[in-house]
There are 2 protein chains.
Amino acid sequence: MLGYGVVMSGRTPAAAAGSATTTTTGSPARPSARGRIDKREAILATAFVVFAREGYAQATLDAIAAEARVAKHTIYNHFGDKQTLLRAAIAAEADRAMAKNLAAVDRLRDHDGDLRATLEDVGSQLVACYCDERGWALRRLLYAEISQFPDLLDIITGRASDPVTEALADRLARLALAGHLRAGDPAAAAEQLAALLTGSLEARCRYGTRVISAAEQHAVARAAVDTFLHAFGTAPGPAGTPAAGEGDPAARC
Amino acid sequence: MLGYGVVMSGRTPAAAAGSATTTTTGSPARPSARGRIDKREAILATAFVVFAREGYAQATLDAIAAEARVAKHTIYNHFGDKQTLLRAAIAAEADRAMAKNLAAVDRLRDHDGDLRATLEDVGSQLVACYCDERGWALRRLLYAEISQFPDLLDIITGRASDPVTEALADRLARLALAGHLRAGDPAAAAEQLAALLTGSLEARCRYGTRVISAAEQHAVARAAVDTFLHAFGTAPGPAGTPAAGEGDPAARC
DNA sequence: CTAAATCTGCACTGGTCGGTGCACTGTAAC
DNA sequence: GTTACAGTGCACCGACCAGTGCAGATTTAG
């Protein structure tokens, strides 16, 4: 549950072979890597950047080709046309982002003692994903082009509607079963936690134009977790969360 | 604090005179309204719709002119060029949305008895604003073009960074002072409530492609208010909120 | 070595679109 | 009347760009 298969669609056999041998994108410092066939990776990465920066319509294939140090023809050889390139670039980036998000949520698996600390840790990582420059670029691109390319929705998510929140719900369910959270609908709890994290950021980031410092990111995560635990924690009860002495909600930066 | 002045910038005297006499957009059923000068309003409304549907770059002035039943030249007479038209259209729509949001928040002013019910009412209205088709169009357009036109940020908000959340904070402060909410940073409380509302919707709306039924909207508002009151309500205390018998959080639709 | 495949540089086409110029119409003010 | 002005319809220019064709260079496989 990571590759989704979608991203791989339409690859040229040669390109697949190429990325199977060397790859890892940030290849060794050898300049230009002549003759090798990580062209495809370069095209995808550059295309995403240019599309995000200029928008689909404004972005020109000449610009992408130039910036990727590749002939325009090479792009057509790999992807056929502009639309396919957009889809492939978005799919690749979405997979990257999704994997990062799921990895963060997965840290809830090895929860030892302090639930609040663990949640804040995971929250901080999710916040970091959200504030990531590339994350913003992806979101902007989706908002921009979703009405032109409705199928992008299916490309970025697997069959699930929102794999990250679902994974979060899974983890919260286990925590509730272990008595660390109030019993109830784990999906609802996950939704509220995710909303607290991303909702605050959406307001603060001003459509991605404002950069959020690490300290501010952490404060947002703390405030979100604080509110969340008030609503879903085992009150002043037995579990690892002794009401936490009113940790001042959201120390603004 | 409503006109912001920005929207009015660049109007032609004649157009101003025209809208001063008749206007109210949805003019009486008189077809085509020949000779009258609500052309400007028609252009702005149509431009917003077309821009939102096609994106700035894809949208053609010919299409806007045709759809607004106006000669292309008329558009240039009023706005000079495409960029100015975009800014004016967005400014007009943003003002509309902002006014609607502020009106919703303002209903917290005449709070009589049941705080939970009042909050759910306001929450529902804010949710409705967010789910509004035009609201989504505006947000999509902003996400899409903010990197090309960073000044759109200043156009849509007054001097305040987020007038709606600030107004909400004002109202929450009064409620806290009256003992209906826990004392603390009202700005933080407002941020969390707004995050719970919009964050949940952001996830559910799938970039604006999915329509949210009225029932689902109400459920989202209820869940948000429930979580919010757990965190910021005067616990099982004296005020009008007697713990509310565990109103099952988020009855999914 | 040869052969197949890929990549490159360049020139070209066909279409689209922002913006302009011009001649004309209809209305309102004087 | 006439003067002024907002709007209309049409044709046009110039720029930009997706996509193609071609000829030659480079690489990999055998």
Side-chain angles (χ1 to χ4, degrees), chain A residues 10-22 30-44 46-47 50-51 54-89 148-149, chain B residues 10-23 30 32-44 46-47 50-51 54-87 89 145 148-149:
Chain A
R11 342 186 71 186
T12 307
S19 60
T21 55
T22 322
R30 190 145 57 82
S32 86
R34 289 289 310 115
R36 214 54 68 84
I37 333 180
D38 32 15
K39 304 282 181 192
R40 189 190 170 91
E41 301 293 330
I43 294 174
L44 277 180
T46 307
V50 176
F51 278 140
E54 319 267 2
Y56 173 75
Q58 302 271 41
T60 74
L61 283 191
D62 290 287
I64 296 175
E67 212 153 314
R69 318 292 223 93
V70 149
K72 187 163 65 159
H73 245 12
T74 307
I75 300 183
Y76 281 100
N77 285 341
H78 276 290
F79 301 97
D81 64 354
K82 200 182 178 186
Q83 294 196 9
T84 309
L85 176 60
L86 174 74
R87 279 183 247 264
Q148 305 288 324
F149 306 99
Chain B
R11 343 186 71 186
T12 306
S19 59
T21 55
T22 323
T23 312
R30 190 144 56 82
S32 85
R34 288 289 311 117
R36 213 55 68 84
I37 333 179
D38 33 13
K39 303 284 180 190
R40 188 190 170 91
E41 301 292 330
I43 294 173
L44 276 180
T46 307
V50 176
F51 278 140
E54 321 266 2
Y56 173 75
Q58 303 271 39
T60 74
L61 283 190
D62 290 287
I64 296 175
E67 211 153 314
R69 317 294 221 92
V70 149
K72 187 162 67 158
H73 245 13
T74 307
I75 300 184
Y76 280 100
N77 285 341
H78 276 290
F79 301 97
D81 65 355
K82 201 183 177 187
Q83 295 196 9
T84 309
L85 176 61
L86 174 74
R87 281 184 246 263
E145 312 299 345
Q148 306 287 324
F149 307 100

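Both backbone and side-chain heavy atoms feed into the values below; hydrogens, waters and symmetry mates do not. Everything quoted here is computed from the prediction, not taken from an experiment.
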For B:A42, check side chain to side chain contact (heavy atoms under 4.5 Å, CB included) against everything at least two apart and list the hits. none
B:F79 CZ to C:dG18 P: how many Å, rounded? 16 Å
If I take atom CZ from residue A:R87 and atom CZ from residue A:F149, how far apart are they, to the nearest 0.5 angstrom? 6.0 Å
Under a 4.0 Å heavy-atom criterion, the protein footprint on nucleotides 13-20 of chain D, written with B, S and -, is ----SSBB
Contacts of A:Y76 meeting ring pair (Phe, Tyr, Trp, His ring centres under 6.0 Å) (sequence neighbours excluded), chain-then-number -> none
Taking salt bridge (Lys or Arg N to Asp or Glu O under 4.0 Å) as the definition, give me every residue that meets it alongside A:D62, ordered by chain and number, with sequence neighbours left out. A:K72
Results of ring pair (Phe, Tyr, Trp, His ring centres under 6.0 Å) for A:F79 - residues two or more places apart only: none
Who passes salt bridge (Lys or Arg N to Asp or Glu O under 4.0 Å) against B:E67, sequence neighbours left out? B:R53
B:K39 has an atom NZ; how far is it from atom C1' of C:dT25, in whole Å? 13 Å
In whole Å, I'd like the distance from the CD1 atom of B:I75 to the P atom of C:dC17. 14 Å
Whole-Å distance separating the CD1 atom of A:I43 from the C1' atom of C:dT6: 11 Å
Integer-rounded Å distance: C:dG18 P and B:N77 CG: 17 Å
